[in-house]
Amino acid sequence: MALKALDIYKLLPKKNCKECGDPTCLTFAMKLAGGKADVELCPYLSDEAKSVLGASTRPPIRLIRVGMGERFFKVGEETVLYRHEKTFYHPPGIVFRVSDTQAPAEIAAVTRRVRDETFTRVGTDLRFSGIAIENTSGSAKTFAKAVATVEQEQAHLPPVLIAKDPAAHAAALVHCGSYRPLLHAATGENFKEMCALAKKYGCPLVIRAATPDGLARMVKDCTAEGVQDLVLDPAPENLGAFLTRSTQIRQLAITRLVPELGYPVYLDATATGQQDAAVALGIVKYASVIVTDPLSPGATKASLTLRQNIYTDPQKPIQMNPGLYRVGTPDKDAPVLMTVNFSLTFFTLQGYLESTRIPCFMLIVDTEGLSVLTAVAAGKLSEMLVRDSIKKFGVEDEVTHRKLIIPGYASPLSGRIEDATGWKVLVGPRDAAEIGEFLHEEWKK
Amino acid sequence: MAFDMNFGWTSTIGEVVLGATNADGGTRRRSYRIGGGTTLPFMEDRAGSPSPLIALEICDYLPFWPPIVTNYCGDLVNNVGEWAKAADGTYGADLIRLYLTSTRQRNFSDIASLGKVVEDVLAASSLPLIIEGSNEPKIDSEVFQKCGEVAQGERLLLGTAEAGKYRSIAAAALAYNHSIIAQSPIDINLAKQLNILLKEIGVQRDHIVIDPYTGALGYGFEYSYSAMERIRFSALKGDTDLAMPMVCSAIDSLTIKEVREAEPAVQDEMAIQWEFYTGIAAATAGAEIICVRHPGTIPLLRKAFTDMKKPGTAAEVR
Amino acid sequence: MRTVTFLPSYRKIDVERGTTVLDAAQRAGLSMNVVCGGLGKCGKCIVYIQSGRVDFDRQKYGRFFTEAELQKGACLACETTIQGDLHVVVPESTLIQEQKILVEGLDQEIDFRPSVKKYYVQLQPPSLADPSPDLSRLLWGIQKSGGPVAEKMYVPLEVLREMPGILRHSDWNVTATIGLVPGGYRVIDLQENDTSKRVYGAAVDLGSTTVVVYLWDLVTGKVVCVASNYNKQISCGEDILARVNFARKNGLVKLQALAAESINQALTTASNTAGIDREDIYEVVVAGNTVMTHMLLGIDPAYMIAEPYVPVVRRALSIAASRLGIACNPNGGVFAFPAVSDFIGGDIIADILACGMGEREEISLLVDIGTNFEVVLGNKEWMFSCAGAAGPALEGGEVLFGMRANPGAIEKIAIDPVTLDPKYSTINGIRPRGICGSGLIDLLAELLIACVIDRTGRINMEINNPRIRRNAHFPEYVIAWAKETDIGKDIVITENDIKNLIMSKASVHAACLSLMKEAGVTHNEISTIYFAGAFGNYLDKKNATIIGLIPEIAIDQIINIGNGAVAGANIALINRRARKTLDDIAYKIAYIELNAEKSFMDEYTGSTFLPHTDLTLFPGVQKLLESCRTRRE
């Protein structure tokens, strides 16, 4: 668990020498605790203190990179079991599977879909992450051909090669070895050959075993062979098995009880027979590479949205673009409601406004994503900001009246906003759910 | 290596009983005992720990309901009894959650009609029932009294108590021995506060189900997800004021842009997947009742929950 | 001449053979304990001759010494004459004990060591035989009278210019005023004849609303007058932000002048009342918040109120009063307290100095509440601080019948748990006009205990009592019926008022918890909580705990320091050593930006409950409330 600033301070030399760039040891300790500084910056730290501090700041799960070019993805380097404890950093790669027994045209179509399909939400382009090619045919040659088909599309997508036979991998790697594919999988029998291939091409390697014990043993074997970039496949045969094993692995890795388990987790969503459920579970419960058959339109959007949600920094709210938003088709007499650009605030208010069926304007001001309450307390929401936003977004041209409804929690600013803008300020409810009633009763007056 | 899946938890989630059978003085064909968990959801090793319940939400006044559902279900939605019957039979829900949306009409005052609605639903289905009363403080008290009285002995789950309005619903629940949904806006502290308030006016812990409020996927769901995880976590760590089962109802799921504006051909699928992904995630975070509005979501969730309850065999693979 | 070296200070002085050791010591500036006046009767002026030749009658005075002391060379300074060069050890017990002074608001005695002192010297006029220049003559004279060593004194040009005239006009009898400045001493002023009894200093709390001045006699160590008035900057903006904006629009010069004028007005009132000449005020110590201090110094505060919120200076400054337009002696100095950040200013450093938390091992928590609040947690080794906007509710703002602590404000309330009738007292005992901060805190606690409100502050409308009713918008509780009041209408508190109060108290408490979390300290480890600021001494500590304004600790470990800014300024004025610790304190404090602190919102919502969502933090309050509830039921 993370050390407190004061615990760290006790380990520091307390010389306040400033050589780390901080004015005092205490402020340096605070930075260390927040992960914003490196232990090495302190020239006077004892080796003992360094090892205590180093262990608490080094991420317990290794960072693994899959693919080359602009679509590569990184996974791992997670530090917590629950996202509210800090955040989840690297969203899982969701990889579409094709089989080498499929027709080349089909394989190419899936490749193009992953290459091109984009779903834009709150200003971010959401995409699937890569292509997994599975050696169902059993033939190394067919496998290599399928891989070549994918590569022909020039999609530069991170590849995942799935084959039991190292020879098949060897044949496929001829085509895609320089793209840093993820190799699946090393098992008790083939790990020496798989490790040799991973080393030769510098690829990350999935190891497969059904128990944490087995995985930990295999990690030791593979690292002994010189392969460091590993991914763990706990080989779940059903959803319950995935949940249990993945949670165990994450728990043991984060607490450093079994440091050998400090690698990202791989999930074959198709193996459970419940692909959509597996994708959803993989996203929330610690999978870093999820292999699935191409998803339906509904599952596509739902899965990408869930991934975006879960991997949002809980401390850093998604922000809306500041501006003047319309609800319905408001006219020159329509109410203007001011609020902040914290997305949850925006969407909540928007939802309630839509259900009131009163056309209106929402004036969204830039509080850097802070909620009303925090923005007021932090001074981010000020009368100047409101005044400037009214000007900037041309609100005065949109309506003939000069009445602004502000959130209930911004009531301390009401007088100042009136002074700064010359608009009459109506203090709205604190709870967006009451906005309908408020508009009916106060605005109509 | 021996691995302890109990993560050092010290406490247990309290249990709440929903529905009463003949034996318990009600008319339901079965009742549920939810809660009782001792670790993270689906991590129990004891056999027979309950799977999350799936509730289908229905209502008595359609203008406030997503058209995608009413279109899908067809005419039967015009008769709340028929709708309840279908929920129980055709759609295969574990529970019915009845929204008395008629109370949300302006100046609604026909309290007596609500009694009839509740009676109809109780007659049409013998599943345990959740009833959502009014949103209007002026009629709250009467509405909850009416529901409580008509369904006396049935062990309803009554919704929804909030920090600003909990006295009238608590009074009805206490008078007729029903349980309460305690809703707070996505915040562990506010959830706990409401539970303390309820406790202090005499509502027992085993009569409270927490609703941490579920934002729709893509519209704040992550906050709800974390709030649920934190509530479960704190409860297992020994905070008895949070050790109640949770309900998840992402009521906006079917009205958000992605679903509302989906191509007609995939709209139902979009709606179902949206509810499905939400339900799966919420269940892993600790929700023990998952509410949905699209009947098509029910079988998918049920199948997934069954599989999620299976322990993995720990055999070494080749 | 014989050279006498006094140990352990190594002060040296050359004296005629035959001079008494006491004489030499006094000339060297050592204040010895001579109760009998140097007549060899009291035996207090014991010194030890370490080396050198002296005349001392051990037979005659032997009764004052033990055998061991005699072995070490003990003598009485007044009865010992110097024969050769000497090394004399002066034990601590022989030196005069410094005067102790009780600073208002504190149960703490402060050593009286002002940094300004006057020396009356009678100099030999120069002659052809003794042609040393005026300046050396003066400095030497000061040194001989017990002042600082001549080489360590600096004389500014202003004094030099006047010096020759004053010396001659006064027939070489002058009084020099010496001030301690960084790196040495400064001859602040030179006056004719003996004015050595007329040295005054002022400690100033420069608040954004009011200015408070304590005028001290720096000879006797007594406060001679206290005065206060409004900060004239109010004409440029009610709150700090408005004034910073005013400064931005080329208004800094005006704001600087107004700050000085505000201080001057208080100085004038105080000196007129005390009947002293403002020219005899040689030092003004100012503790103010960061923006106020910047403005007084004429430094642009605009950069400081935007990210990353760094002040221009973080250490204490000494400035000539004339440069700031402070109307004391024109050569007098102004000492400004250091600041840490935009929010943690000189006023808070003064609080810390006043409560002494920076000198102790045990952990203390300092809470200073005004419109903004500041919280400091720490001990002699480390300190964390943070600040935030409490909202004006705790000062009576944003509350329907809230008011500042002026006459007519209800300042104390108790509510009968059965009848729900309140008992209250007002400031000055007149009919009530409103409620001030301390009254609001009482009210909140009493309403909670009487079960009128629940823990979120909502009024239980099911209670059948005429005092509980609903107005157009909110439920409310009637504190005083129109006929009892001075304003002709019912004085009430509404549910909305209560919510505002809870939001305010939650900010303060959340800030405390954030610091405690940062430091990894639980409430059990806090030895003392110091309260400073708006509430003065009126705050009811128990009620403040019941509503969860501050963490629950033993009531007698909560200490009100009232106006800590002025208390700290007083200490810095009369004790120059304390002043030296200020930069240390300012340097030691780590500032935590609450908005950047991810846990703050959590702590905040947790604190929007009476007393707190986590009741285990308030075991005593919890017990009390449970028993109240049981009694009611």
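Residue numbers begin at 1 in each chain, while the letters A, B, ... track the order of the sequences.
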(message) Has B:Asp307 got a side-chain atom pairing as donor or acceptor with A:Asn238's backbone, closer than 3.5 angstrom?
(response) no
(request) Counting only heavy atoms closer than 4.5 Å, note whether B:Phe233 contacts chain A via side chain, backbone, both or neither. (result) side chain
(message) Taking side chain as everything from C-beta outward and backbone as N, CA, C, O, which of these in A:Pro297 sits under 4.5 Å from a heavy atom of chain B? Side chain, backbone, both or neither.
(response) both
(request) Could you tell me whether the side chain of B:Glu222 reaches within less than 4.5 Å of the side chain of A:Gln308, counting heavy atoms only? (result) no
(request) Measure A:Phe119 against the heavy atoms of chain B and call it side chain, backbone, both or neither at under 4.5 Å. (result) side chain
(request) Evaluate the salt bridge (charged side-chain N to carboxylate O under 4.0 Å, His left out) criterion for residues B:Glu229 and A:Lys285: first the C-alpha distance (whole Å), next the side-chain angles of each, then the deciding distance (0.1 Å), finally the verdict. (result) CA-CA 12 Å; B:Glu229 274 198 329; A:Lys285 287 293 170 185; 3.4 Å; yes
(message) Please classify the contact between A:Ser303 and chain B as side chain, backbone, both or neither, with a heavy-atom cut-off of under 4.5 Å.
(response) both
(message) Under 4.5 Å from any heavy atom of chain A, what part of B:Tyr219 do you find: side chain, backbone, both or neither?
(response) both
(request) With rounding to the nearest 0.5 Å, note down the distance linking NZ in B:Lys310 to CG in A:Leu243. (result) 13.0 Å
(request) State, with a plain yes or no, whether a side-chain heavy atom of A:Lys301 is found less than 4.5 Å away from one of B:Trp274. (result) yes
(message) Is any side-chain heavy atom of B:Tyr225 closer than 4.5 Å to one of A:Arg83?
(response) yes
(request) Specify which of B:Ile256, B:Thr284, B:Val266, B:Thr306 makes the most heavy-atom pairs with chain A at under 4.5 Å. (result) B:Thr284
(request) Measure the shortest side-chain to side-chain distance between A:Leu239 and B:Phe305 over non-hydrogen atoms and say whether it is less than 4.5 angstrom. (result) no
(request) Determine whether A:Leu306 and B:Phe221 make a side-chain contact, defined as any pair of heavy atoms from C-beta on separated by less than 4.5 Å. (result) yes
(message) Using 0.5 Å steps for rounding, measure from the OG1 atom of A:Thr300 to the CD atom of B:Glu258.
(response) 13.0 Å
(request) Would you please say whether a donor-acceptor pair under 3.5 Å links the side chains of A:Ser296 and B:Glu269? (result) yes
(message) Any non-hydrogen side-chain atom of A:Asn309 less than 4.5 Å from a side-chain atom of B:Leu217?
(response) yes
(request) Please test A:Asp276 against B:Leu300 for side-chain contact (heavy atoms from CB on, under 4.5 Å), starting from the C-alpha separation and ending with a verdict. (result) CA-CA 9 Å; A:Asp276 283 316; B:Leu300 297 185; over 6 Å; no
(message) Less than 4.5 Å apart, side chain to side chain, heavy atoms only: is that true for A:Tyr82 and B:Leu40?
(response) yes
(message) Distance check, rounded to the nearest 0.5 Å: A:Arg307 atom CZ versus B:Tyr277 atom OH?
(response) 11.0 Å
